[in-house]
Structures are given as C-alpha cells and as structure tokens.
A.B. asks: 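Take a look at this one; I'll ask things after.
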2 protein chains.
Amino acid sequence: MPKKVDHLQRRTLIADALMRVAAERGLEAVSLRHVAAEAGVSAGMVQHYFATKDEMMAFAMAVVRDRGEVRVTAAVTRLGAEPPPRLLIRTFIAALLPLDEQSGDTAKVALAFLAYAAVRPAAAAALRDDTAQLRSFVASLLPGPGADEAAGGLLALMEGLGLYLVSGQYTAEQALAVLDAHLDRLFPG
Amino acid sequence: MPKKVDHLQRRTLIADALMRVAAERGLEAVSLRHVAAEAGVSAGMVQHYFATKDEMMAFAMAVVRDRGEVRVTAAVTRLGAEPPPRLLIRTFIAALLPLDEQSGDTAKVALAFLAYAAVRPAAAAALRDDTAQLRSFVASLLPGPGADEAAGGLLALMEGLGLYLVSGQYTAEQALAVLDAHLDRLFPG
DNA sequence: GGCATCACAATGCAACTGTATGGCAAAAGC
DNA sequence: GCTTTTGCCATACAGTTGCATTGTGATGCC
C-alpha cells in the first residue's frame with residue numbers, strides 16, 4: 001500500500017475549518033471551497049476525504065457532539081469520586097454552556113446545526129437520544145418527587161441559557177447566577 | 001400617481017412565502033426565485049418590493065416578531081383584567097411556545113433566524129431588547145426575593161422548551177408539564 | 001389627451017455552488 | 001523495475017445564486 005495517511009486526522013482538520021467558517025459567517029457560508037481555503041488545503045482534497053457535502057456536515061456534527069461529551073466527562077472526572085449531586089449537576093451544565101469565547105464559537109456552530117437538523121429529520125434523530133439520556137441521568141440525581149419534570153426543566157433552562165449566551169444577551173456571570181438560583185430551588189435546605 | 005398597491009400587504013405576502021420555504025427546507029433554501037415561486041409571483045416582483053435579499057430577510061424577521069407579540073397580547077387580553085400573576089405568566093409563555101403544528105413551523109423559522117442572527121450582530125440587536133423587556137415584566141410578577149434571576153431562569157426554560165418542541169423531543173403535554181412543575185416552585189403554597 | 005409615474009416582467013450576467021473526471025506523483029508489493 | 005494502489009490536484013460542467021438592466025402596460029394627475 002502506498003502513502004499512509006491518518007484519515008481521521010485529515011477529516012478532523014477539515015471539520016475544524018468547517019466549524020470556523022460556520023462560527024464566523026454562518027452555515028450558509030460553508031462551501032467546499034470556503035472550507036478548503038480556511039483549512040489551507042485544496043478543494044480537491046476536501047472532496048477526496050468527503051464524497052459529498054452532506055457527509056462532511058454529518059462528520060462535523062459528530063465532532064461537535066463528541067467534543068461536548070469530552071468536555072463533560074473531563075469536568076466531571078475532575079470532581080473525583082462520589083461528588084455531591086448538586087455540584088455534579090452544576091459542573092456538567094457549566095461544562096456544556098458556552099461560557100468562554102472559544103466555546104461560544106462551538107455553540108454558534110451547534111446552533112447552526114440545530115437549525116439545520118430542524119428541517120432534516122434524519123440529522124435530528126441523533127440529537128434526540130443524547131438529551132433523553134442526559135435527562136434520566138439528571139433525574140436520578142435530583143431529590144424528592146417530580147424529579148423527572150425537574151430534570152427536564154433544568155435541561156431546558158440550560159439550553160435557554162446557552163441560547164442567551166450565544167446571542168450575547170447574557171454574560172457568563174449572569175448565566176451562572178440564574179443557574180445557581182435555579183439549583184437553589186431544586187436543592188432546598 | 002399610477003396603480004396604487006398596498007405595499008405592506010405585498011411585502012407580507014412575500015414574507016409569508018419566505019417563511020413557508022424556510023420552515024420546510026431551511027433558510028439556505030431561501031432564494032429570490034424559490035420565494036417567488038412559493039408566493040406564486042414572478043421573481044421580478046420580489047425584487048420590486050425588496051431591493052436586496054437582506055432587506056427581505058429583515059422584514060420577514062420583523063414579521064415573525066410582530067406575530068409573536070400579537071399572539072401574546074391576544075392570549076393575555078383574553079384573561080381579562082387583573083389576572084393572577086401565575087396564570088398570566090403561564091398564559092403568555094404558552095402563547096409563545098410552539099405547542100401546535102402551525103406554530104411549530106413559525107418556531108422553525110424563528111430558530112433559523114436565530115442562527116442567522118448569531119453571526120450577524122446587526123440583526124441580533126433587535127432580539128436583545130425584546131427579551132430584556134420581557135424579563136423585567138416577568139420579574140415584576142414574581143413573588144419574593146431573587147425575582148430577577150427567577151425571571152431569567154423562567155425565560156431561559158421557555159426558550160429551552162421551545163427548542164425541544166421544535167426538534168420533536170417533547171410533546172406539547174410534556175412541555176406544559178415541565179413548565180407547570182417549574183411554576184409550582186416559583187409560586188409556593 | 002398627454003405624460004410622468006409606478007407595478008411588474010423578462011432577460012442577462014458574473015459569481016458561485018456541488019460534483020464528476022482525468023491526471024500526476026509517490027509509495028508499497030512483487 | 002514494474003505495476004498497482006493511493007493521495008491529491010486541476011479543471012470542467014451544469015445548475016443556481018443575487019442583482020442590474022431594460023422593456024411593457026397600466027394608471028391617475030393636469
């Protein structure tokens with residue numbers, strides 16, 4: 001076999017360029033040539049690693065999701081074993097929220113993908129499982145009756161805070177204040 | 001002066017077509033020709049009423065916002081004078097949430113516009129005022145201390161529920177259950 | 001009745017889109 | 001050393017995009 005190249009690395013390099021373009025100019029500015037230029041490679045190479053644009057988009061979406069998962073698990077494991085439920089919840093929600101500038105870009109991309117998936121049922125299916133899983137996990141950590149609705153509410157609040165952060169309506173401090181106030185209600189005493 | 005035409009009506013007709021296209025196939029499918037075809041008019045006419053595509057988009061965004069406002073005030077005035085705060089809040093949040101199929105389309109469009117505005121600071125400014133206004137209104141209705149953070153949390157929860165509804169993760173009943181559970185916490189007793 | 005003004009249509013144009021295709025160099029297996 | 005496979009590039013292509021231009025009726029004012 002000839003020249004061996006790490007396909008995954010190349011694809012990730014391209015996906016990163018895609019995300020940069022999407023974060024700066026929106027998903028509609030994402031074209032093969034723009035992505036290639038942003039990545040500093042030829043348009044032909046992008047085509048070589050992704051047969052179609054849809055395939056490239058799907059891969060980039062998967063990267064965004066995986067990065068989020070990594071951020072969460074990293075933040076959670078940093079807590080050590082058996083952390084108190086409230087701290088655990090606060091930690092992984094804070095890890096998911098776009099609180100700094102860099103994750104703000106990621107969130108912009110995620111928002112663009114969300115709108116993209118809203119009219120493409122096939123792409124939306126992947127997102128569904130993620131939240132359902134997250135919700136039952138949060139519900140298991142919440143005290144008292146009505147934990148299920150409370151978990152749904154907490155996650156919805158998280159998404160909403162994410163939206164406000166992306167659109168620049170909230171600062172990181174404001175968002176965390178709102179989150180903490182909500183947690184105060186969920187963890188009485 | 002020649003043929004007098006109701007400009008606003010024509011522009012609204014076109015904006016409605018734009019929203020239909022965006023709801024079905026996403027914002028990136030919104031082109032002058034597609035919108036014209038959907039509206040059943042010539043592409044030249046669209047150009048006649050909107051000098052540029054951006055102007056058309058801005059007008060459509062304004063229409064979406066205005067429709068939301070109308071929905072809210074209609075639902076609220078239906079309550080009569082001096083409604084109890086909790087009912088008032090629940091009513092206008094329910095009016096804003098995409099609970100039926102038709103408003104689901106509107107919400108898809110709103111989501112697309114949100115992503116659109118996320119990378120266009122000029123378009124995002126209009127949204128900011130709206131939520132700030134809404135937040136102080138809600139805060140004035142909430143009891144006890146920390147009303148400001150609680151109002152922010154409630155609105156964030158609303159946005160998150162909207163997202164979940166649009167992406168098909170929640171049914172209308174589930175969303176309302178989560179909302180009511182949250183209101184239970186905000187209005188103790 | 002002339003005529004300016006407006007509504008609308010048709011066409012053209014350069015730029016861009018995603019994808020197909022062909023070619024070329026390099027590297028491994030024989 | 002030759003062949004084959006692979007990485008990558010360049011170009012071509014048909015279709016679409018936003019926008020400019022020009023033309024054509026129709027209308028209402030004077």
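These values consider heavy atoms only, across backbone and side chains, with no hydrogens, waters or symmetry-generated copies. Proteins come first, then strands; the chains are lettered A, B, ... in the order of their sequence lines, and each starts at number 1.
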A.B. asks: Are more than 12 heavy atoms, taken from residues, nucleotides or ligands other than B/Glu69, located less than 6.0 Å from that residue's CD atom?
C.D. replies: no
A.B. asks: Using a 4.0 Å cut-off on protein heavy atoms (strictly under), produce a 5'-to-3' string for nucleotides 13-20 of chain D with B for base contact, S for backbone-only sugar-phosphate contact, and - for none.
C.D. replies: ----BBBB
A.B. asks: Give a yes/no on whether any side-chain N or O of B/Arg10 is located under 4.0 angstrom from OP1 or OP2 of C/dC8.
C.D. replies: yes
A.B. asks: Are any of the side-chain heavy atoms of B/Arg86 and B/Asp180 separated by less than 4.5 Å?
C.D. replies: yes
A.B. asks: One thing to verify: whether B/Glu55 and B/Arg11 come together as a salt bridge, which I'm taking to mean a side-chain N less than 4.0 angstrom from a carboxylate O.
C.D. replies: yes
A.B. asks: For C/dA7 and B/His48 - does any side-chain N or O of the residue sit under 4.0 Å from the phosphate oxygens OP1/OP2?
C.D. replies: yes
A.B. asks: What is the distance, rounded to the nearest whole Å, between atom CD of A/Gln9 and atom C1' of D/dC8?
C.D. replies: 16 Å
A.B. asks: Less than 4.5 Å apart, side chain to side chain, heavy atoms only: is that true for B/Glu149 and A/Gln174?
C.D. replies: no
A.B. asks: What orientation do A/Tyr49 and A/His7 show, parallel under 30°, tilted 30 to 60°, or perpendicular over 60°?
C.D. replies: perpendicular
A.B. asks: Are OP1 or OP2 of C/dA7 and a side-chain N or O of B/His7 less than 4.0 angstrom apart?
C.D. replies: yes
A.B. asks: Given 3.5 Å as the limit, does a donor-acceptor pair link the side chain of A/His34 with the main chain of A/Ala29, or not?
C.D. replies: yes
A.B. asks: Could you state the CE-C1' distance from A/Met45 to C/dA26, rounded to the nearest angstrom?
C.D. replies: 16 Å
A.B. asks: Rounded to the nearest angstrom, tell me the gap between atom OH in B/Tyr49 and atom P in C/dC6.
C.D. replies: 12 Å
